[in-house]
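So that the names make sense, note that chain A is the first sequence line, chain B the second, and so on, each numbered from 1. Values in this document were obtained by computation on a predicted structure and should not be read as measured data.
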Amino acid sequence: MTEQTTIQHPYILKVALDVPLDGVFDYRSDTPLQAGQRVLVPFGPRKQVGIVVGTASESDIAPARLKSIIRHFDQEPALDAEFFSLLKFCADYYQYPYGQALLAALPARLRQTEPAQARQQFCYWLNAVGLAAGLDMLPARQVVQRRIFSALLEHGRLREADLAELSPGWRKGLAALSELGWIEQEQVYAGLRSILHASSVQPELNAEQSYAVQSVLQQRNEFRPWLLHGITGSGKTEVYMCLLQAILAGNEDQALVLVPEINLTPQLEARFRSRLPEYSLVTLHSNLSESERLQNWRLAQTGAARIVIGTRLSVFAPMPRLKCIIVDEEHDTSYKQQDSMRYHARDVALVRAQRRNIPIVLGSATPALETWHNAQVGRYGLLSLQQRAVSQSQLPQVKCVDVSKVQMQDGLSLPLVKALKTRLERGEQSLLFINRRGYAPVLLCNACHWIAPCMRCSSRLVVHLRQGCLRCHHCGHEQKIVRQCPSCGNPDLHPTGHGTQRLEEVLVKLLPEARILRVDRDSTRRKNALDHMLAAVHAGEVDILIGTQMLAKGHDFPNLTLVGVLDTDSALFSPDFRATERLFAQLMQVAGRAGRADKAGEVLIQTTLPEHHLFNALRGQDYAAYASGILQEREIAQFPPYEFLALVRAEANDYAPVQGFLQFAAEAAREMGSAALVYDPVRPQMERLKGMERGQLLMQASSRQVLQQLLRQLTPQMRAHPLSNRVRWNVDVDPQEF
DNA sequence: AGCACGCCGACT
DNA sequence: GTCGGCGTGCTC
């Protein structure tokens, strides 16, 4: 009986599954599937998609318990060995189950139980009938049809993406032309070059840029990390493009460009497409539909896409001929995944480059201190771009306004108001930059100093006057504005603090003739709202922009000559040791917004600490001076990059099990005789979040190896602890904040 | 993580 | 009598 089953299914497959368990699972199969193939298997009472990670002739599992796979998907291209080994490394390093790590790195379509069909895209052109026809044969009111016809006439073949750029109603217009019998179509790769954009202009590189490109090229066949350090406007993107041009020319090789999780991908994509039109390019980011994502991922996997521009997750995209990795804005915090497997895409990219023996370029105006440190000690090559590519533009003048010494009106200092007035008179634009944190208005009782709290989080509710409600920015809880103080009965409650809405009202009062635009999460919630707003700024329809982080990067506003920074103190006084350097990076970036064309820019910063060395460094746009100061502090305080950290985070409905669990973890860790320092469990800044009581345990060591060895022993012990099912917990290696 | 099994309280 | 609360334990 058993023998018969064995004969029917002679092969044993090692299958990884999306379950929070260590190890892989054995299944029988009647075909010898190769590693990297997808299978559907029975798992307990349900079916699961798994990935074959290997084959065997025997299994440790009793034959009676061994099940057979339900089906396999061998028509799909198999995952390569590099994919497995990179995710194995990450699963180990970040203390995350291997199967879950593997499955999470796949496009969602490949985690579903159906065979995955990538969307097929087409390109279109005019056939003989169409070419013989003329524009005048189309009714004048059929604007879309006429536009498509003209474009096809001019460019020959167009992709769907090109047509979509002509008009949102292109499908209907094209269908009408098709109906006339004018159109031919053929399936293409979505990522093939854009014809509309192809205008390959080769700009001159300056000496620094050429040096950077040549340096990387000289060691193009070995693992070599480079820090490309260049201030805003110094032409980092041009360096990337020239480098890729040289690396990809005359071969079938591939390059990966990682970008932060912001809406800048389209701009970068357009630049790469027009500058490198001869190479097929795909993007991988969260705005793609699942079918597009699968298609682009497949193009990367098969090697058809020569350039992949993608966010965090695309660091895992299989690329058989990968020869170079670029990490743009490498300091950006969005490279760190903040749930499930808490990997850092920049660090994973470094590991990947090392294993492939290829160069990797990390670009930033304000590098992460770890990166800067590595460049200083010679582990990374340092490539500096000091000149601004737009030569006539000058560095902005940076001035501090001591808010404890000057007259203030509703959060605005007199010098700032004056400066705004001057720009208004000159017809120039201004930007008021707000750090949301210190600027959210709260509901305060003047009698007993009660402040409306969130019931589910240890945070304060934010007043939204327009909607007449109080809202928690952490959990989304919303309630009506209370009229009476629940603590002392005082009926006189006031919103205090200067929200973006309040600030807008104040400005309208002070500068009634100014056209003001507020750009924040509330005002850009509608789709495309941000694009429309940016367009309005470019068109000169706006005098004063009020905005948060969103405005710090990306677009150039040539007529913008003043940047006012309203709140710096909440970051300067924050207990989080990374808060000041994030503020510095932000200010470097906003300062870059001012005076980018031929007009001199001015940056006015309101602060109570005008003497802070951060502002001096900012004044000279001197990252190096700032970084060396901070690095000294870090070395004395024994913080990263001199020490390595890991954090166990835990949460539950009550604190008791959290406390118990973390206490156990701390004791277990200490008993291991590791050189690592194990702190006591503490409560984080945000003690309660979404109704969950939180706690955390910090561990610190002078090398990654020591920390890794500790975690390798500790995590299984934590998993085996009875409380581990009663609390939600995870391990965060190299945490960004705590 | 799911999902089943299992053993105790308030309902048609 | 049974519907359903969530504790415990397993998944090749």
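For the segment residues 34-43 of chain A, residues with any heavy atom less than 4.0 angstrom from an atom of DNA chain C are, sorted by number, A/Pro42, A/Phe43. For residues 84-105 of chain A, proximity to DNA chain B is found at no residue, defined as any non-hydrogen atom under 4.0 angstrom from a strand atom.
Results of the side-chain contact (heavy atoms from CB on, under 4.5 Å) test with A/Leu281 over A/Val257, A/Ile307, A/Val308 single out A/Ile307 as the only residue that passes. The side-chain hydrogen bond (donor to acceptor under 3.5 Å, both in side chains) test with A/Arg634 is passed by exactly one of A/Glu643, A/Glu370, A/Glu581: A/Glu581.
Residue contacts shown for A/Arg726 are absent, as no nucleic acid heavy atom lies under 4.0 Å away. If you check every strand for non-hydrogen atoms under 4.0 Å, A/Ile61 touches a base. Nucleic acid contact for A/Pro45: sugar-phosphate only, since backbone atoms but no base atoms lie under 4.0 Å from a heavy atom of the residue. A/Leu21 comes within 4.0 angstrom of a nucleotide base, judged by non-hydrogen atoms across all strands.
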### Message
Show, in sequence, the C-alpha distance, side-chain angles and deciding distance for A/Arg649 and A/Asp339, and conclude whether the salt bridge (charged side-chain N to carboxylate O under 4.0 Å, His left out) test is met.
### Response
CA-CA 11 Å; A/Arg649 302 172 198 272; A/Asp339 53 33; over 6 Å; no
### Task
Run the numbers on A/Asp734 and A/Lys336 for salt bridge (charged side-chain N to carboxylate O under 4.0 Å, His left out), then give the verdict.
CA-CA 9 Å; A/Asp734 307 326; A/Lys336 174 87 178 177; 5.8 Å; no
### Query
Going through the distances and angles, do A/Glu290 and A/Arg109 end up as a salt bridge (charged side-chain N to carboxylate O under 4.0 Å, His left out)?
CA-CA 7 Å; A/Glu290 278 310 325; A/Arg109 282 276 164 97; 5.9 Å; no
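Donor-acceptor pairing under 3.5 Å is recorded for the side chains of A/Ser85 and A/Arg355. The closest side-chain donor-acceptor pair between A/His285 and A/Thr265, if any, does not fall under 3.5 angstrom. Checked by atom type, the side-chain pair A/Arg312/A/Gln337 shows a donor-acceptor distance below 3.5 Å. Counted by atom type alone, A/Thr715 and A/Gln95 present one or more donor-acceptor pairs between their side chains at under 3.5 Å.
Using a 4.0 Å cutoff to heavy atoms of chain A, the contacted part of DNA chain C runs 5' to 3' from C/dT11 to C/dC12. Bounding nucleotides for the chain A contact on DNA chain B, 5' to 3', at a heavy-atom distance below 4.0 Å, are B/dA1 to B/dC3.
Atom CZ of A/Arg728 has 12 or fewer neighbouring heavy atoms from other residues, nucleotides or ligands inside a 6.0 Å radius.
A/Ser724 is linked by a side-chain contact (heavy atoms from CB on, under 4.5 Å) to A/Phe661, A/Trp729, counting only residues two or more places apart in sequence or in another chain. In terms of the side-chain contact (heavy atoms from CB on, under 4.5 Å) criterion, residue partners of A/Pro77 (sequence neighbours excluded) are, by chain and number, A/Arg298, A/Gln301.
When ring centroids are compared, A/Tyr343 and A/Phe316 come within the 6.0 Å threshold.
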